[in-house]
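Written out below as structure tokens is the structure these notes cover.
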Amino acid sequence: MLEVDHVGVIYPNGVEALKSVSLTVRPGEIVAVVGRSGAGKSTLLRCMNGIQRPTSGAIRLNGMEITSLRGEALRRVQQRIGFIWQEYNLVLRLSVMKNVLCGRLGSASLIPSLFHIYSRQDREIAVRSLERVNMLHRATQRADMLSGGEKQRVGIARALAQSPVMLLADEPVASLDPELSWQVMSDLTHVARDEGVPTVINIHQIDLAKAFCDRIVGIARGVVVFDGTPAALTQSAMDTIYRHDPRPALEAAGVAA
Ligand SMILES: Nc1ncnc2c1ncn2[C@@H]1O[C@H](COP(=O)(O)OP(=O)(O)O)[C@@H](O)[C@H]1O
Ligand SMILES: [Mg+2]
């Protein structure tokens with residue numbers, strides 16, 4: 001269970017990116033976070049995996065407060081949080097298999113992992129992860145030989161190889177064409193359901209959010225303005241999420257509107 005409890009983020013330049021955001025994601029639940037560019041979606045995801053420390057509030061994952069962890073304790077938790085990036089973040093000169101094995105790196109002890117030496121168990125986990133996104137047949141190819149959709153499947157396999165306790169994806173299909181976007185979202189949400197872990201996906205495309213996610217959270221100017229099922233996302237809710245009113249954001253930034 002993921003609990004976001006009144007989280008606020010003010011960046012050093014004074015931008016208030018999140019204002020008292022609260023939401024809960026249950027094990028196996030897939031939540032889409034939607035909103036305009038600049039609404040605070042990426043900031044929220046970075047707080048969830050501890051890259052960004054909130055200015056106020058707390059985030060708990062299975063009862064453990066991520067927001068207060070530091071150093072080695074934080075790295076241990078981050079090792080089990082699968083993160084899927086818009087631009088895949090693969091090591092292009094390495095093989096597909098080695099990229100997925102990178103998901104095991106934090107689990108290995110230091111010296112073997114420095115030399116990218118993996119245990120038999122790590123290799124088995126990587127093979128199973130590739131199988132689950134139908135990419136095992138590409139295991140020995142270099143990552144730069146893959147199409148965008150295939151790269152993102154490898155990104156998903158790498159996250160799975162972390163044996164994740166939570167999955168986070170920041171605009172995972174924003175670089176793909178519409179048809180591939182549907183396929184990759186289908187893969188991602190299938191494996192997320194199988195894993196049974198809390199899953200949060202920042203996504204632009206409302207149709208995809210509605211088709212694949214259990215719940216939709218709408219953020220506008222750092223505030224949760226909608227939290228409900230896809231069916232409850234009415235046109236008026238959409239208007240609230242996407243209403244173009246830059247003044248509050250400008251005020252928060254200390255700029256006169
Ligand atoms: N590192 C940063 N320093 C200062 N301001 C930032 C930083 N990252 C994001 N912002 C600002 O915070 C707000 C939210 O950004 P972000 O979380 O990236 O939104 P989204 O992902 O919804 O597009 C925006 O106004 C953005 O310009
Ligand atoms: Mg973003």
Side-chain angles (χ1 to χ4, degrees), residues 2 4-23 25 30-59 66-67 74 78 81-90 148 151-152 155-156 159 166-176 181 184-185 188-189 192 198-210 212-213 215-228 233 237-257:
L2 170 71
V4 177
D5 186 1
H6 294 93
V7 162
V9 172
I10 303 175
Y11 284 112
N13 63 0
V15 171
E16 192 174 10
L18 295 178
K19 294 170 200 163
S20 198
V21 167
S22 293
L23 59 102
V25 187
I30 300 175
V31 170
V33 176
V34 302
R36 299 176 69 91
S37 176
K41 306 180 295 295
S42 295
T43 301
L44 180 59
L45 228 61
R46 287 202 298 271
C47 288
M48 286 174 178
N49 89 338
I51 300 175
Q52 172 73 43
R53 197 175 288 277
T55 315
S56 54
I59 295 180
I66 298 178
T67 30
L74 177 60
Q78 284 173 330
I81 299 175
F83 207 100
I84 294 151
W85 313 77
Q86 176 179 343
E87 294 298 339
Y88 326 119
N89 270 12
L90 303 182
K151 282 184 181 138
Q152 196 55 296
I156 295 167
M166 172 162 74
L167 284 168
L168 304 174
D170 198 357
E171 306 279 0
V173 297
S175 303
L176 304 176
S181 297
V184 169
M185 275 299 284
L188 171 56
T189 50
T199 299
V200 181
I201 305 174
N202 286 352
I203 186 159
H204 258 85
Q205 301 92 321
I206 291 290
D207 54 341
L208 291 174
K210 282 183 152 179
F212 291 107
C213 300
R215 222 170 93 212
I216 296 179
V217 169
I219 298 190
R221 301 178 301 278
V223 176
V224 173
V225 294
F226 176 84
D227 186 344
L233 186 65
M238 289 282 288
D239 291 345
T240 308
I241 298 168
Y242 288 98
R243 185 171 47 205
H244 186 62
D245 180 7
R247 269 172 309 170
L250 290 172
E251 279 162 20
V255 180

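Remember, it's 1-based here, ligands and their atoms both numbered in the order they're listed. Because the structure is predicted, anything quoted here is derived from the model rather than measured.
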Inset, instruction - Using a 4.5 Å cut-off on heavy atoms from C-beta on, say whether the side chain of Asn202 contacts that of Gln86. - result: no
Inset, instruction - Provide the closest heavy-atom pair for Met48 versus Met166 in the form atom of the first, atom of the second, distance. - result: O-CE, 3.5 Å
Inset, instruction - Could you please provide the protein residues found below 4.0 Å of ligand 1 on a heavy-atom basis, arranged by chain and number? - result: Tyr11, Asn13, Val15, Ala17, Arg36, Ser37, Gly38, Ala39, Gly40, Lys41, Ser42, Thr43, Arg46
Legend entry - salt bridge (charged side-chain N to carboxylate O under 4.0 Å, His left out) involving Arg46 - partner list, sequence neighbours excluded: none
Legend entry - Member of Val31, Val200, Leu233 meeting the side chain to side chain contact (heavy atoms under 4.5 Å, CB included) criterion with Arg215: Val31
Legend entry - the Mg ion (ligand 2) - number of protein N/O/S atoms closer than 2.8 Å: 1
Inset, instruction - Output yes when a side-chain donor or acceptor of Glu171 lies under 3.5 Å from a complementary backbone atom of Trp85, and no otherwise. - result: no
Inset, instruction - Check side chain to side chain contact (heavy atoms under 4.5 Å, CB included) between Val223 and all other residues, then give those that pass, not counting sequence neighbours. - result: Lys19, Val225
Legend entry - Gln205 and Lys210, any side-chain heavy atoms less than 4.5 Å apart: no
Inset, instruction - State whether a side-chain donor-acceptor pair under 3.5 Å links Thr43 with Tyr11. - result: yes
Legend entry - Side chain proximity check, Ile203 to Val33, heavy atoms < 4.5 angstrom: no
